[in-house]
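Report on one structure; see the data block that follows.
All of these numbers come straight from a predicted model, not from anything done at the bench.
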Amino acid sequence: MLVSLSEYAKSFGKSGDTMRRMAENGYFKTAQKIGRNWTIDSAEPYPVRARNTQKPLSVISLFSGCGGMDLGFSGNFDFLGHHYDKTGFKIIWANEISGAACKTYRKNLGNHIVEGDIAEKIDSMPEKADIIIGGFPCQDISINGKMLGIHGKRSSLYTYIVEAVRRIQPKAFVAENVGSLLLKTNSESYEKIMSDFNALGYNVRCDLYHAEDYGVPQTRERVFIVGTRKDLPAFVPPAPLGTKPVTVKEALQDLESAEENKEFSHIWSRANVSGEQGNRKMVADRPGYTIRAECHGNIQFHYSLPRRISMREAARIQSFPDTFIFPCGLRDTERQIGNAVPPVLGWHMANALKKAVR
């Protein structure tokens, strides 16, 4: 007899989320998704999963920031009541030039972050790693920047990801940047970047992702360039969840009555409304607007309260767990959150990549 997956879960004393993840990963023979709901034959025995004894896949992370993508690639965190399991990846070396971002990274992810200019630190990378990841600086490509493309000082830094891959020859690499890389005005930059990555001898693909399609309460477009070694299966992008996007009210409602708390980063800018970008008021029943790194205090306004959103609220919109601590002042925290890859999006990317490299 067909029953809902949640009913099946209750009969074994398991959580519905656990069962759904198992169904999505093919642990059940009779489970099938009908519309938005999963069903299963009630007679199917509960599968006993073998303990995973595989060695973690080693990862080198470049332009790590405060660790958004690294947290996603590591897994084992909670966000809005959902647990994101360990992925099977382990960050063994990371690099970031910002001292404040390194302070946050060490607080949350470990002391394997190496502070300093990648041009000076690249020779200290490990000689071997399974994966290389990095979100190369985007200010010269972003529509909010000067649109200098790869001719700008910062966006040309993608060449260090290329060089790291050339040296280490990992199983795969992931390079992240803003969605505006695909704009016609950036066509020269895009073609050069793709040409350099393709010259490494990997199967390379570039895809645009909408963060709100993956459980992130934010309309954020990002490009991921993924390369896999030619003797491995092709990388298949993670499929969108197919569910209604998480709204800012769903993500932030419990913080409405919370008092300011510096330790929790629940602090906000008092900047007045100005003519600069970033003064929009969020809409309660839709995801938040893109969190920007260089707001200069002009971060978006709360959907119902007479103030700008707090740094903790911005972190929620970026899908950082509440246990992720930002031990810095408001401006540094604002910059770190805005520059980050949403950890939940990174987690989905990691799990899709694992299917190719395992």
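- The side-chain heavy atoms of Ser74 and Ile91, taken from C-beta on, include a pair separated by under 4.5 Å.
- With hydrophobic clusters built from ILVMFWY side chains whose heavy atoms lie under 4.5 angstrom apart, Leu62 shares a cluster with Leu200.
- For NZ of Lys262, the number of neighbouring non-hydrogen atoms (other residues, nucleotides, ligands) closer than 6.0 Å is 12 at most.
- In terms of modelled atom types and a separation under 3.5 Å, the side chain of Ser98 and the main chain of Ala101 share a donor-acceptor contact.
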message: Could you go through Tyr190 and Val223, starting from their C-alpha distance and side-chain angles, then the distance that decides it, and tell me whether this counts as side-chain contact (heavy atoms from CB on, under 4.5 Å)?
response: CA-CA 11 Å; Tyr190 172 78; Val223 162; 5.9 Å; no

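- Interatomic distance, Ile299 CD1 to Ile291 CD1, rounded to the nearest 0.5 Å: 4.5 Å.
- There is a path of hydrophobic side-chain contacts, each under 4.5 Å, that joins Leu232 to Phe235.
- With respect to the salt-bridge test (charged N to carboxylate O, under 4.0 angstrom), the residues Arg106 and Glu96 do not qualify.
- Look at Arg308 and Glu334 and you find no salt bridge, because none of the NZ, NE, NH1 or NH2 atoms lies under 4.0 Å from a carboxylate O.
- Two residues are said to be in side-chain contact when any heavy atoms from C-beta on lie closer than 4.5 Å; Ile193 and Val162 fail this criterion.
- For residues 239-249, the side-chain hydrogen bond (donor to acceptor under 3.5 Å, both in side chains) pairs, not counting sequence neighbours, are Thr247-Glu250.
- Taken together through direct or relayed side-chain contacts under 4.5 Å among Ile, Leu, Val, Met, Phe, Trp and Tyr, Ile122 and Phe197 form part of one hydrophobic cluster.
- Remark: Arg229 CZ to Tyr202 OH distance equals 7.0 Å, nearest 0.5 Å.
- Contact annotation: the side chain of Glu7 never approaches that of Ser42 to less than 4.5 Å [non-hydrogen atoms, C-beta and beyond].
- A donor-acceptor contact under 3.5 angstrom links the side chains of Glu256 and Tyr303, judged on distance only.
- Using cut-offs of 30° and 60° on the angle between ring planes, the pair Phe12 and Tyr8 is tilted.
- Taking the side chain as every heavy atom from C-beta outward, Thr104 and Phe324 approach each other to under 4.5 Å.
- In this structure, the separation between OG1 on Thr39 and CG on Leu2 is 5.0 Å, given to the nearest 0.5 Å.
- Residue Asn351 holds its CG atom at 6.5 Å from OG1 of Thr87, rounded to the nearest 0.5 Å.
- Inspection of the Tyr160 and Asn95 side chains reveals no N or O donor paired with an N or O acceptor under 3.5 Å.
- No chain of hydrophobic side-chain contacts below 4.5 Å, direct or via other Ile, Leu, Val, Met, Phe, Trp or Tyr residues, connects Ile97 to Trp93.
- Under 3.5 Å, the side chains of Asn177 and Tyr158 contain no donor-acceptor pair of N or O atoms.
- A distance of 10.0 Å separates CZ in Phe89 from OG in Ser58, rounded to the nearest 0.5 Å.
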Take Gln218 and Val246, measure what side-chain contact (heavy atoms from CB on, under 4.5 Å) needs, and give me the verdict at the end. CA-CA 8 Å; Gln218 178 187 184; Val246 181; over 6 Å; no

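- The residues Arg166 and Glu163 are annotated as salt-bridged, a charged nitrogen and a carboxylate oxygen being separated by less than 4.0 angstrom.
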Query raised in the report: When you look at Ile40 and Val3, which way does the side-chain contact (heavy atoms from CB on, under 4.5 Å) test go after all the steps?
Result: CA-CA 6 Å; Ile40 189 170; Val3 297; 4.1 Å; yes

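- In this structure, the side chains of Val236 and Lys355 stay at 4.5 Å or more apart for every pair of heavy atoms.
- Take Pro343 and apply the side-chain contact (heavy atoms from CB on, under 4.5 Å) test, not counting sequence neighbours, and it matches Leu71, Phe77, Ser319, Phe320.
- Arg307 is not listed as a side-chain neighbour of Glu260, based on a closest heavy-atom distance of 4.5 Å or more.
- Taking the six-membered ring for Trp and thresholds of 30 and 60 degrees, His348 and Tyr84 have ring planes more than 60 degrees apart, a perpendicular arrangement.
- Using a cut-off of 4.0 Å between Lys/Arg side-chain N and Asp/Glu carboxylate O, Asp17 and Arg21 are scored as not salt-bridged.
- Classified by interplanar angle (parallel below 30°, tilted 30° to 60°, perpendicular above 60°), the ring pair Tyr209/Phe224 is perpendicular.
- Note: Phe28 and Tyr46 have tilted aromatic rings, judged against thresholds of 30 and 60 degrees for the angle between ring planes.
- Contact check for Gln253 versus Val248: no side-chain heavy atoms found under the 4.5 Å cut-off.
- Using a 4.0 Å cut-off between charged nitrogen and carboxylate oxygen, Lys90 and Asp130 do not count as a salt-bridge pair.
- Contact check for Thr323 versus Asp78: no side-chain heavy atoms found under the 4.5 Å cut-off.
- The distance from atom CZ of Phe173 to atom CD1 of Ile225, rounded to the nearest 0.5 Å, is 7.5 Å.
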